[in-house]
Amino acid sequence: MSAIDAAFDALGTPRLWALIVVIGVATFLLRFSFIFLFGRVEEVPPRIRTALRFVPPAVFAALAVPAVVSIDGSLGATVTDDRFLAGTLAAAVAWRTESIFATIAVGMLALWTFRFLV
Amino acid sequence: MRRPSTPFWDGVRVSLPVLLGLVPFGMVAGITAVDAGFSPIQAMGLSVVVFAGAAQLAAIDLVGEGGTFAVIVLTAAVINVRHIMYSASIAPYLRRLSLARKALVAYLLTDQAYAFSVERYRETEAERREDAEATGSTAATTPIPITPGGDGVAYYLGVALTPWVAWQIATVAGVVLGQGVPDEWGLSFALPLVFIALLVPTLDGLPAVLAAAVSGAVVLAGGAIPFNLGIVVAAVAGVTVGAVAEGVLG
């Protein structure tokens, strides 16, 4: 591989750079929205405020659930899957401690235990 | 040497305990980005340019699954829509700042920067009102804005730059570490664990639980939802059910 190819590899694909920039701009605009508009629009309409409150639980559930629950196999296969067991344990830890660190630590240890030892 | 007690360092000190959760979260962002095909520089670019953990991780996940450009952007935007709440809530305090300073505040506006700074501004405001009542002068009824170069700005930089610096260092650590760990360790499982840790504290009532349950169920059934739009459709369904339940249950 030439030095130029290596440099391009290190830089990564243009598509991913475009993705990074577009997501970055969208995120900034959401954060800037009312800070920028203050004086013109002062309040989030109550209906929208109610809806926004449910964005975090809905979004985080949509991200977490498919990684720990599989519906391909039988119910028995699902609940004995190592990811399901580790995820359930991690959820209990998250509930008790509200700590991201403790949740990751217990969840990973549980996954390795179920995967390599049991 | 003792650090001086200035608003900036007060902000740094208040933010430090949060780093215990933020650092592993940032490392996961670095590890999984490289796994999904981002170059190490792009993994860093993602953390610097976007600087929003949950959206970064979801985007990384979808890139790994071969999602289309539009769907990945839409998913990240839906996840970050909650920042509109923070923006609206902090906006009145910022009204005396220049546009450039407002933009800097917005770029650094994370869940914890918002929570710590607005808490402090409200305390300061309450003290000023008490003083005003004691002296018999009329108290302001609108939020008292922070002033350019004042304590409020310094405190914000303390609570906002601390997670920013930690996030960047953690991403680098993840990028470096991720390249040396064998696949069968399943380090990518740390990703849903982060989402579980973020999800559980948001379940503060039946409507929120219903929003999460419906969203989770829809995304599971989502084999039928085309173009990797599962997360977006599930989130919209969950938010709708949560809002309706809130209306019904009061």
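So that the names make sense, note that chain A is the first sequence line, chain B the second, and so on, each numbered from 1.
Put simply, of B/Ala237, B/Ala77, B/Gly238, B/Gly216, the one with the most heavy-atom pairs under 4.5 Å next to chain A is B/Gly216. Per-residue counts of heavy-atom pairs under 4.5 Å with chain A were compared for B/Val73, B/Ile231, B/Leu198; the largest is that of B/Leu198. The greatest number of non-hydrogen atom pairs below 4.5 Å with chain A, out of B/Ala54, B/Ala217, B/Ala197, is found for B/Ala197. No other option in A/Thr97, A/Ile48, A/Val59 has as many heavy-atom pairs under 4.5 Å with chain B as A/Val59. If you tally non-hydrogen atom pairs under 4.5 Å between each of A/Gly24, A/Pro57, A/Gly107 and chain B, the highest count goes to A/Pro57. Of the listed residues (B/Leu57, B/Leu97, B/Val200), the greatest number of heavy-atom pairs within a distance under 4.5 Å of chain A belongs to B/Val200. The residue among A/Ala51, A/Ala105, A/Ala102 with the most heavy atom pairs within less than 4.5 Å of chain B is A/Ala51. Most heavy-atom pairs under 4.5 Å with chain B: of the set A/Ser99, A/Pro66, A/Ala26, this distinction falls to A/Pro66. Ranking B/Pro92, B/Pro201, B/Pro24, B/Ala190 against chain A, the residue ahead of the rest is B/Pro92, based on heavy-atom pairs under 4.5 Å. With respect to chain B, the highest number of heavy-atom pairs below 4.5 Å among A/Ser33, A/Ala58, A/Pro56 belongs to A/Ala58. Interface check for chain A: of the options B/Pro192, B/Ala235, B/Ala208, the most heavy-atom pairs under 4.5 Å are formed by B/Ala208.
If you measure heavy-atom distances from B/Val63 to chain A, the contacts under 4.5 Å come from the side chain alone. Both the backbone and the side chain of A/Trp95 come within less than 4.5 Å of a heavy atom of chain B. For B/Ile90, the part lying under 4.5 angstrom from a heavy atom of chain A is the side chain only. The contact between B/Leu46 and chain A is made by backbone and side chain atoms together, counting heavy-atom distances below 4.5 Å. When heavy atoms are compared at a cutoff of 4.5 Å, B/Leu109 approaches chain A by way of both its backbone and its side chain. Using a 4.5 Å cut-off between heavy atoms, A/Arg47 does not touch chain B at all. Residue B/Phe189 touches chain A through both its backbone and its side chain, counting heavy-atom pairs closer than 4.5 Å.
Two residues are said to be in side-chain contact when any heavy atoms from C-beta on lie closer than 4.5 Å; A/Arg31 and B/Ser87 fail this criterion. At a threshold of 4.5 Å between non-hydrogen side-chain atoms, the residues B/Val241 and A/Phe54 do not count as touching. Here the side chains of A/Phe32 and B/Leu99 are in contact, with some heavy-atom distance below 4.5 Å. The shortest side-chain heavy-atom distance between A/Val65 and B/Phe195 does not fall under the 4.5 Å cut-off. The shortest side-chain heavy-atom distance between A/Phe36 and B/Lys102 does not fall under the 4.5 Å cut-off. Under the 4.5 Å side-chain criterion, counting only non-hydrogen atoms from C-beta, A/Met108 is in contact with B/Leu193.
Considering every non-hydrogen atom in both B/Ile196 and A/Gly87, the closest pair reads CD1-O, 3.7 Å. Listed here is the closest heavy atom pair of A/Ile23 and B/Ala59: CD1-CB, 3.8 Å. Considering all non-hydrogen atoms of both residues, B/Phe25 and A/Ile104 come closest at N-CD1, 4.3 Å. Contact detail for B/Ala91 and A/Phe38: the closest heavy-atom pair is CB-CD1, 3.8 Å.
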Are A/Phe28 and B/Val49 close enough, and set up right, to give a side chain to side chain contact (heavy atoms under 4.5 Å, CB included), and what steps lead you there? CA-CA 9 Å; A/Phe28 174 77; B/Val49 175; over 6 Å; no
Give the C-alpha distance, both sets of side-chain angles, the deciding distance and a yes or no for side chain to side chain contact (heavy atoms under 4.5 Å, CB included) between A/Val22 and B/Phe69. CA-CA 10 Å; A/Val22 173; B/Phe69 195 95; 3.9 Å; yes
Could you walk me through whether A/Arg53 and B/Arg82 pass the side chain to side chain contact (heavy atoms under 4.5 Å, CB included) test, one step at a time? CA-CA 8 Å; A/Arg53 271 226 317 283; B/Arg82 69 187 190 285; over 6 Å; no
Derivation of the side chain to side chain contact (heavy atoms under 4.5 Å, CB included) call for A/Trp17 and B/Ile41: CA-CA 10 Å; A/Trp17 276 117; B/Ile41 298 172; 3.8 Å; yes
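The distance from atom NE2 of B/His83 to atom CD1 of A/Ile35, rounded to the nearest 0.5 Å, is 10.5 Å. The structure places CZ of B/Phe51 at 11.5 Å from OG1 of A/Thr27, a figure rounded to the nearest 0.5 Å. Residue B/Asp61 holds its CG atom at 7.5 Å from CG of A/Leu63, rounded to the nearest 0.5 Å.
Judged by distance alone, the side chain of B/Gln42 and the main-chain N or O of A/Thr13 form a donor-acceptor pair under 3.5 Å.
In this structure, A/Arg96 places its CZ atom where only 12 or fewer heavy-atom neighbours from other residues, nucleotides or ligands lie under 6.0 Å away. Counting heavy atoms of neighbouring residues, nucleotides and ligands inside a 6.0 Å radius, atom CZ of A/Phe101 does not exceed 12 of them.
Of the listed residues (B/Ile79, B/Val81, B/Asn80), just one forms a side chain to side chain contact (heavy atoms under 4.5 Å, CB included) with A/Val55, and that residue is B/Val81.
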